A.B. asks: 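This is the structure I want to talk about, given as structure tokens.
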Protein chains: 2
Amino acid sequence: MPTFEQYLAWRVALPQPAVELDLGDAGLRDEDLEAAEPRLRDALRAMAMLEAGALANPDEGRMVGHYWLRAPELAPDPAIAAAIRASWEQIEAFAADFHAGAIAAADGQRFRDVLLIGIGGSALGPQLLADALGGRLHVLDNTDPDGINRTLAALPSLAHTLVLVTSKSGSTVETRNGMLEVNAACRRAGLHFPAQAVAITGHGSTLDQLAARDRWLARFPLWDWVGGRTSVLSPVGLLPAALLGLDWRGLLRGAAAMDVATREPDPSQNPATLLAHAWFMLTGGHGRKAMVMLPYADRLVLLSRYLQQLVMESLGKRHDRQGNEVFQGLTVYGNKGSTDQHAYVQQLRDGLPDFFAAFVRVLDPDQGAPPIEVEPGVTSADCLDGFYQGTRAALAEQGRASLTLTLQRLDATTLGAVLALFERSVGLYAELIDINAYHQPGVEAGKLAARAVLELQHRLLAAVDDTPRDVVTLAQRLAAEPFAVWQVARHLVASGRLRGEDLADPALARFACSPSLAV
Amino acid sequence: MPTFEQYLAWRVALPQPAVELDLGDAGLRDEDLEAAEPRLRDALRAMAMLEAGALANPDEGRMVGHYWLRAPELAPDPAIAAAIRASWEQIEAFAADFHAGAIAAADGQRFRDVLLIGIGGSALGPQLLADALGGRLHVLDNTDPDGINRTLAALPSLAHTLVLVTSKSGSTVETRNGMLEVNAACRRAGLHFPAQAVAITGHGSTLDQLAARDRWLARFPLWDWVGGRTSVLSPVGLLPAALLGLDWRGLLRGAAAMDVATREPDPSQNPATLLAHAWFMLTGGHGRKAMVMLPYADRLVLLSRYLQQLVMESLGKRHDRQGNEVFQGLTVYGNKGSTDQHAYVQQLRDGLPDFFAAFVRVLDPDQGAPPIEVEPGVTSADCLDGFYQGTRAALAEQGRASLTLTLQRLDATTLGAVLALFERSVGLYAELIDINAYHQPGVEAGKLAARAVLELQHRLLAAVDDTPRDVVTLAQRLAAEPFAVWQVARHLVASGRLRGEDLADPALARFACSPSLAV
């Protein structure tokens, strides 16, 4: 536990919405902050240039404009400001029509559910908003046919479900597949998919063209100056929030308020510079410890998954901006307290000191029913808060650092402020370690390799005939790696497109064409 | 990508249920395995003694018997075997009555939903089973009143919900609070809680006594030789599985089959010794890399959370069995593929090399509807499998190790086998690093500290009067730390039990008794 003085010295709070960053248990020292001040001020200047429209993502030749989304007046181009404001008007009008039933299902009844098809930044933000603020959002965020079937089967009524398809590029494979699967499900149910579909995508993308051609219900814009992992306050997150009846303007207000606080030039009074500085000190500027997210609120259980993307995709980089190999990153995981105390907190307290904890505490638990006593004078909320305080103290006792974000309450404005705080902290920390936080060069390799797998699948299906042949023979014919052939072949056997013999021993297994070609 | 020879050399498969452990990309070497063989054989012998009833958890003076749960004939005491078999009969009979409506709601209608109240091992296993195998399980796994209200509000009908209360000790605070909150909700709804409640708890525990006294619907046993994190195949997991109509005997069969395979004395032919050896080699025997779980199946998204507890609570220890400070552990996190490829896989591929990946691949995706083509000749399942293969290859290309568990299909038997594999691997690895994997001494400190917080709350409420006083003054009166007083006081203000002034500045804030005492 920090002394009251330590706490006061390492605390910075936003009054409205009430959000406090408490670094009293982060083990920070005045002299380190003083030493870091020039670099923190440089980082703040770089962020100011970014906000002014610099090409902060040079590898992709893009501006980084997610801060404009809640303060369009800051955009470097009036056309951008106008586009943001127009998107708000479009969201407001569409959501009003949706709630009033002016936009309705084919049978004239209101839409009752919203199904979002998207992955990564197109899903994690909307999922967090719905879960944290309350709303039923169905999501397809993968290309697992079993998962897709399960989600569709759980829809109360496909006919009364509005479908949002979200992809900036419009060509994300998982999202395209989800769309095609839902389209097929609509056809099977005698429904016309475009009449219940909405696209959220970049202007002129494949998806945009498809939606225009087939006359989908609506198209909402995405812009190349917004990255997927910072798109939650663009139509990606705001439209679903509006459709679920959430306070989407509150999200913008909260984020804008935090943006103002995190432009503060004095690093010691700026929550984002302090958080970035804490990350630097706690991890040696090299991700040597993971950030374990422990929100003491069931409704924030998805926060860690959201931040996993925001932090790890932004900071997990091989090269710095000078081209040096640095293998950077900051690992994020966690679920919620006090639940996780009964899972892995044993290791946090006693085991590997390879982490620091990031607690989130909600002061006003906003109970629906009047609280009952679980012990004389004690409520469930008292226990929850006691567990937060107790776990923090128990970690500190063992020399494990932590930080705490305290929210007066959990609502749209505080959530917007929290997301903005992490966005800015990631940007500032990236400046400290001199990396580009806004690209993701490493994800392309997996996609290319997956494409090669599908090509091998085509070639293998074309190469087999009635004669069973073993992996090595087939690999020779295809000039492919035997292991790659084996991997593809067993998948094709499982889905009925190849016939397999002696599969228990891969060295002996043989494959031939299947009598029943499923596809 | 491994060569076919590497794959064949580092592959071990269970034929029935079909589960393969593929360590071809784990970078293992023959000479290391040879060198480790004596220690692995020692570990297998220790596991044999554990299975024979040794006090493998000496700190708690307990046997470690979760392997008996699926092979009661191995239990060292016929009474234990009889108790296990009796629990199966009780589960079968109760579930049959539940499904037939012989056990029914107060209005004579069938129960339609199951609500589980439990935390840690009492919740994670049942949640995984329900999510992976299909079934609607409502869960209260925290003492967050907002979360409790939300879960209760989402119940189709509280009157037609069977409530399982699971706690081995019967005194887990979160579980007790959940029970009291549900009891109160029943009272408000005019329902008699005991008539729809079932206890799963240790014989003679507080919970057991309460359930007996109030004549709950049923009581199911838990035994002190089963730890919470390995209780999924006891009534903790089997009863909910049976009530959801899942193949709970298949879970036992699959686990038993894996148990046989993982007793194999040749370490190179035993999947659990190989996995434990891989962990040792990949992490330096000191948890230097995290295990990132990437199941390519939506239904396995909770596997990482389950394994987080099993692995981290078992291995995250300060002392080894000789009393040396070792600060051990093995960090586990992850969600699912290919979804996570669009989140943090950027860092895995390009950034910090602080992890190895554990893929889970399901060969037969078991699609409900006939597959559609998302590209000519390509299904959604092909893309999913291609992404697994591609990501594995892309990681390998960058020198990032991985292992893959390949399941022929995802059903109760394969899931039982997978859980048993990890249980045994954890036990063997604990032998390699000489720690007690079956206790959790570090979680007590947080509970004690939380208890102290509640005591301070009582004392603070008793100490305040109409005169507002600042934190330092109150702390002096209470002989407490000012920071602790501040933390408790602001919580009490938020819940209406203290009146606060000037809260924006903790150094000036003053507290007095509240005119409205909420509790």
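Since this is a predicted model, take the numbers as computed values, not measurements. Sequence lines set the chain letters: A, B, ... in the order given, protein chains first and strands last, and positions in each chain run from 1. Any value given below was found using the heavy atoms of this structure, including those in side chains, with hydrogens, waters and symmetry copies removed.
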A.B. asks: Give the intermediate values and the outcome of salt bridge (Lys or Arg N to Asp or Glu O under 4.0 Å) for residues A:Asp382 and B:Arg497.
C.D. replies: CA-CA 11 Å; A:Asp382 293 340; B:Arg497 281 170 293 173; 2.4 Å; yes

A.B. asks: Could you measure the distance from the CD atom of A:Glu174 to the CD atom of B:Gln341? Nearest 0.5 Å is fine.
C.D. replies: 6.5 Å

A.B. asks: Measure the spacing between CG of B:Leu315 and CG of A:Leu352 and express it to the nearest 0.5 Å.
C.D. replies: 9.5 Å

A.B. asks: At a heavy-atom distance under 4.5 Å, which candidate from A:Arg150, A:Glu481, A:Gln457, A:Gln440 has the highest pair count against chain B?
C.D. replies: A:Arg150

A.B. asks: Kindly indicate, with the supporting measurements, whether the criterion side chain to side chain contact (heavy atoms under 4.5 Å, CB included) is fulfilled by B:Ser495 and A:Asp364.
C.D. replies: CA-CA 6 Å; B:Ser495 55; A:Asp364 176 357; over 6 Å; no

A.B. asks: So what's closer than 4.5 Å to chain B heavy atoms on A:Gln398: side chain, backbone, both or neither?
C.D. replies: side chain

A.B. asks: Of the listed residues (A:Ala343, A:Gly120, A:Gly337, A:Gly329), which shares the most heavy-atom pairs with chain B below a 4.5 Å separation?
C.D. replies: A:Ala343

A.B. asks: With only heavy atoms counted, which part of A:His286 is less than 4.5 Å from chain B, the side chain, the backbone, both or neither?
C.D. replies: both

A.B. asks: Is it the case that the side chain of A:Gln346 and the backbone of B:Gly316 share a donor-acceptor pair, with hydrogens and angles ignored and the cut-off at 3.5 Å?
C.D. replies: yes

A.B. asks: Where does the angle between the aromatic ring planes of B:Tyr7 and A:Trp486 fall among parallel (under 30°), tilted (30 to 60°) and perpendicular (over 60°)?
C.D. replies: tilted

A.B. asks: Would you check, one step at a time, whether the test side chain to side chain contact (heavy atoms under 4.5 Å, CB included) holds for A:Leu180 with B:Ile372?
C.D. replies: CA-CA 8 Å; A:Leu180 292 171; B:Ile372 62 162; 4.1 Å; yes

A.B. asks: Is it true that B:Glu375 and A:Arg176 have a side-chain N and a carboxylate O under 4.0 angstrom from each other?
C.D. replies: yes

A.B. asks: So how far is it from A:Gln487 CD to B:Tyr388 OH, rounded to the nearest 0.5 Å?
C.D. replies: 4.5 Å

A.B. asks: Please round to the nearest 0.5 Å and tell me the distance separating atom CG of A:Asn335 and atom CZ of B:Arg305.
C.D. replies: 4.0 Å

A.B. asks: Between A:Val488 and chain B, with a heavy-atom cut-off of 4.5 Å, which part of the residue counts as in contact: side chain, backbone, both or neither?
C.D. replies: both

A.B. asks: Does a donor on one side chain and an acceptor on the other come within less than 3.5 Å for B:Asp350 and A:Gln328?
C.D. replies: no

A.B. asks: Determine whether B:Glu444 and A:Arg349 satisfy the following criterion, salt bridge (Lys or Arg N to Asp or Glu O under 4.0 Å), listing intermediate values before the conclusion.
C.D. replies: CA-CA 10 Å; B:Glu444 214 45 46; A:Arg349 156 117 180 140; over 6 Å; no

A.B. asks: Counting heavy-atom pairs under 4.5 Å to chain A, which of B:Ala393, B:Ser122, B:Gly24, B:Ala445 comes out on top?
C.D. replies: B:Ala445

A.B. asks: Name the option with the most non-hydrogen atom pairs under 4.5 Å to chain A; the candidates are B:Pro441, B:Ala290, B:Ser314, B:Gly287.
C.D. replies: B:Pro441

A.B. asks: Has B:Thr143 got a side-chain atom pairing as donor or acceptor with A:Ser380's backbone, closer than 3.5 angstrom?
C.D. replies: yes

A.B. asks: Using heavy-atom distances under 4.5 Å, tell me whether A:Thr172 contacts chain B through its side chain, its backbone, both, or neither.
C.D. replies: side chain

A.B. asks: Which bit of A:Ala484 is near chain B, if near means a heavy-atom gap under 4.5 Å: side chain, backbone, both or neither?
C.D. replies: both

A.B. asks: For the atom pair NE2 (A:His491) and OG1 (B:Thr379), what is the distance rounded to the nearest 0.5 Å?
C.D. replies: 5.5 Å

A.B. asks: Hey, which of A:Glu20, A:Met179, A:Glu397, A:Arg288 has the most heavy atom pairs under 4.5 Å with chain B?
C.D. replies: A:Glu20

A.B. asks: Would you tell me whether A:Thr331 and B:Asp354 have side-chain atoms, one donor and one acceptor, within less than 3.5 Å of each other?
C.D. replies: yes

A.B. asks: With side chain to side chain contact (heavy atoms under 4.5 Å, CB included) as the criterion, how do A:Gln309 and B:Gln347 come out once you've worked through the C-alpha distance, each side chain's angles and the decisive distance to 0.1 Å?
C.D. replies: CA-CA 9 Å; A:Gln309 184 195 33; B:Gln347 178 170 314; over 6 Å; no

A.B. asks: Does any backbone or side-chain atom of A:Tyr306 lie under 4.5 Å from a heavy atom of chain B? Answer side chain, backbone, both or neither.
C.D. replies: neither

A.B. asks: Does the pair B:Asp146/A:Arg299 count as a salt bridge with the N-to-O cut at 4.0 Å?
C.D. replies: yes

A.B. asks: Hey, is CZ on A:Arg451 packed in by over 12 heavy atoms from elsewhere, all under 6.0 Å?
C.D. replies: no

A.B. asks: Tell me, side chain or backbone of B:Arg490 under 4.5 Å from chain A's heavy atoms, or both, or neither?
C.D. replies: both

A.B. asks: For A:Val453, is it the side chain, the backbone, both or neither that has a heavy atom under 4.5 Å from a heavy atom of chain B?
C.D. replies: side chain

A.B. asks: From the options A:Asn142, A:Asp144, A:Asp141, select the one residue that forms a side-chain hydrogen bond (donor to acceptor under 3.5 Å, both in side chains) with B:Ser338.
C.D. replies: A:Asn142

A.B. asks: Roughly how far apart are B:Tyr344 OH and A:Arg229 CZ, rounded to 0.5 Å?
C.D. replies: 15.5 Å

A.B. asks: Let me know if A:Val292 has heavy atoms under 4.5 Å from chain B in its side chain, its backbone, both or neither.
C.D. replies: neither

A.B. asks: In terms of heavy-atom pairs under 4.5 Å, which option from A:Tyr296, A:Phe387, A:Phe355 contacts chain B the most?
C.D. replies: A:Phe387

A.B. asks: Is the shortest side-chain heavy-atom distance between A:Leu8 and B:Pro506 below 4.5 Å?
C.D. replies: yes

A.B. asks: How close do B:Pro353 and A:Phe327 get, heavy atom to heavy atom, and via which atoms?
C.D. replies: CD-CB, 4.2 Å

A.B. asks: Kindly determine whether B:Phe483 and A:Thr3 satisfy side chain to side chain contact (heavy atoms under 4.5 Å, CB included), including the steps that lead there.
C.D. replies: CA-CA 6 Å; B:Phe483 179 69; A:Thr3 65; over 6 Å; no

A.B. asks: Need one label for A:Arg409: side chain, backbone, both or neither, based on atoms under 4.5 Å from any heavy atom in chain B.
C.D. replies: neither

A.B. asks: I need the residue from A:Ala504, A:Ala494, A:Ala394, A:Gly442 with the largest number of non-hydrogen atom pairs under 4.5 Å to chain B.
C.D. replies: A:Gly442

A.B. asks: Based on non-hydrogen pairs under 4.5 Å, which of A:Val471, A:Leu395, A:Val472 is most in contact with chain B?
C.D. replies: A:Val471

A.B. asks: Given a strict heavy-atom distance threshold of 4.5 Å, which part of B:Pro2 is in contact with chain A: side chain, backbone, both, or neither?
C.D. replies: both

